[in-house]
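Keep in mind that what you see is a predicted model, and the values were worked out from it rather than measured.
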Amino acid sequence: MADWKPFPRAGHPAFDAERLKAHWPHLHRGDAEPWPDDPLVVQAWVLFHNGEFQRAAEAGLALGDAGLNVASKATCIYANHLEAREQLRQDLLLQAAARAEAAQRRLPDLHGPWYWQAYALGRYSQGISVAKALTQGLGTRIKQALETTIERCPQHADAHLALATFHAEVIDKVGSMVGGMTYGANAAAGLALYERAMALNPGSVVTLTEYANGLVMLKGPDALPEANSLLDRAASIEPLDAMERLYAASARVALES
């Protein structure tokens, strides 16, 4: 595995198992990840929340299916926010998607593999262009995986958020008519999914940031005041872990652009 770029403030403040357990309900409200029974899986999550993304991914992969979700999340969050080498970024996302898809066959009733396949393919699609990804059939795969995630775990706020973004991205890139007829994208459905994500995970820096981006794609420039208000809220939240720091930073960048 190639060396990954280090998180600039890894370990500040540092989590250990005890501190992580205390904050687990907040940190994992979005992905509905249960507290692990295996102490080794806990330690892999400690690495993730401290921003040690490569070590977290490697530790998760070494644990097999028990560590798949932490490996997937570490890989995807790193690739999406920190990896500047585009080919490596794409490779990491495709690897994460392939591992998650393979796990679906072994663990069909679990929601994690479905969500992380969709997330990885979604971020990959944004990198190569959503329009190109749609012609490759990735849109259908992403939509189906997210819908399956929600069927298995209705309280999965991040899946609602990602499915809302699917609707927004498709409409933004190919238009509401083609997007609706060909890919089942619908602005009203997208907005309803964003609202559901907000209800499930209110005040989340992730939800606020993604919702702000989606509003502009769905409603156009008229949505900028509302979107900026959401970004203001996201940027003002004191981040608890490395991932929240990354999203808060992206909210500040969006406000400045």
Side-chain angles (χ1 to χ4, degrees), residues 4-13 23 26-27 29-31 48-54 73-90 92-93 119-120 122-133 157-158 160-174 187 190-191 193-195 197-198 200-257:
W4 295 5
K5 178 181 176 180
F7 179 66
R9 295 189 64 184
H12 299 286
H23 292 286
H26 166 82
L27 292 169
R29 183 176 293 175
D31 63 11
F48 171 82
H49 289 290
N50 284 333
E52 299 284 349
F53 295 120
Q54 184 165 16
K73 191 165 189 173
T75 302
C76 289
I77 295 302
Y78 169 78
N80 189 46
H81 289 275
L82 289 172
E83 182 51 67
R85 295 163 289 185
E86 185 58 27
Q87 188 58 57
L88 179 55
R89 177 184 179 277
Q90 292 180 15
L92 289 171
L93 291 169
Y119 184 99
R123 296 306 188 186
Y124 172 79
S125 297
Q126 290 173 335
I128 66 170
S129 91
V130 171
K132 182 178 179 180
D158 289 348
H160 287 82
L161 194 62
L163 187 54
T165 299
F166 165 84
H167 287 276
E169 290 273 14
V170 171
I171 290 170
D172 182 60
K173 301 305 185 294
V174 303
L191 291 170
L193 285 160
Y194 279 126
E195 288 296 330
M198 288 284 285
L200 288 167
N201 197 11
S204 160
V205 63
V206 177
T207 305
L208 292 165
T209 304
E210 296 290 350
Y211 190 7
N213 294 334
L215 272 178
V216 176
M217 287 189 282
L218 289 171
K219 292 185 174 182
D222 288 345
L224 280 172
E226 185 179 358
N228 285 336
S229 176
L230 292 168
L231 290 171
D232 275 328
R233 288 172 59 191
S236 68
I237 292 172
E238 181 63 31
L240 189 58
D241 74 340
M243 189 181 79
E244 289 190 351
R245 288 182 185 278
L246 290 169
Y247 270 93
S250 71
R252 290 192 292 272
V253 169
L255 281 168
E256 294 167 1
S257 63

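For the pair Leu191 and Leu215, the minimum side-chain heavy-atom distance is below 4.5 Å. In this structure, Arg29 and Pro202 have side chains that are in contact, with non-hydrogen atoms separated by less than 4.5 Å. Side-chain atoms of Leu231 and Thr209, non-hydrogen and from C-beta on, do get closer than 4.5 Å to each other. Using a 4.5 Å heavy-atom threshold, the side chains of Leu82 and Ile77 count as separate. Contact annotation: the side chain of Leu161 never approaches that of Met198 to less than 4.5 Å [non-hydrogen atoms, C-beta and beyond]. Residues Phe7 and Glu52 form no side-chain contact, since every pair of their non-hydrogen atoms from C-beta on lies 4.5 Å or further apart. Taking 4.5 Å as the limit, every side-chain heavy atom of Val205 sits out of range of all side-chain heavy atoms of Pro239. Put simply, the side chain of Phe166 does not reach to within 4.5 Å of the side chain of Ile171, judged on heavy atoms.
For the pair Ala157 and Ala197, the tightest heavy-atom approach, listed with the atom from each and the gap, is O-CB, 3.7 Å. Asp222 and Pro225 make their closest contact through O-CD, 3.5 Å (heavy atoms, listed as atom of the first residue, atom of the second, distance). Considering every non-hydrogen atom in both Leu255 and Ala235, the closest pair reads CD1-CB, 4.1 Å. Across every non-hydrogen atom of Gly190 and Leu218, the tightest pair is C-CD1, 4.2 Å. Contact detail for Ala242 and Asn50: the closest heavy-atom pair is CB-C, 4.1 Å.
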Evaluation steps, side-chain contact (heavy atoms from CB on, under 4.5 Å), between Met217 and Lys173
CA-CA 9 Å; Met217 287 189 282; Lys173 301 305 185 294; 4.2 Å; yes
Given Leu230 and Thr207, is the side-chain contact (heavy atoms from CB on, under 4.5 Å) satisfied, shown in steps?
CA-CA 9 Å; Leu230 292 168; Thr207 305; over 6 Å; no
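When Asp158, Asp31, Asn80 are each tested for a side-chain contact (heavy atoms from CB on, under 4.5 Å) with Tyr119, only one passes: Asn80.
A salt bridge links Arg123 with Glu210: at least one charged nitrogen is closer than 4.0 Å to a carboxylate oxygen. Contact check on Arg252 versus Glu256 returns no salt bridge, with no Lys/Arg side-chain nitrogen under 4.0 Å from an Asp/Glu carboxylate oxygen.
When atom types are taken as modelled, the side chain of Tyr78 and the backbone of Lys5 share a donor-acceptor pair closer than 3.5 angstrom. Between the Gln54 side chain and the Trp4 main chain, a donor and an acceptor come within less than 3.5 Å of each other.
Between Tyr211 and Tyr194, the ring planes are parallel. Angles under 30° get that label, and only those over 60° would be called perpendicular.
Atom CG of residue Leu208 and atom CG of residue Asn213 lie 11.0 Å apart, to the nearest 0.5 angstrom. Rounding to the nearest 0.5 angstrom, the gap separating the CG atom in Leu92 from the SG atom in Cys76 is 9.0 Å.
Residues in residues 224-244 take part in these side chain to side chain donor-acceptor pair (under 3.5 Å) pairs, two or more places apart or across chains: His26-Glu244, His49-Asp241.
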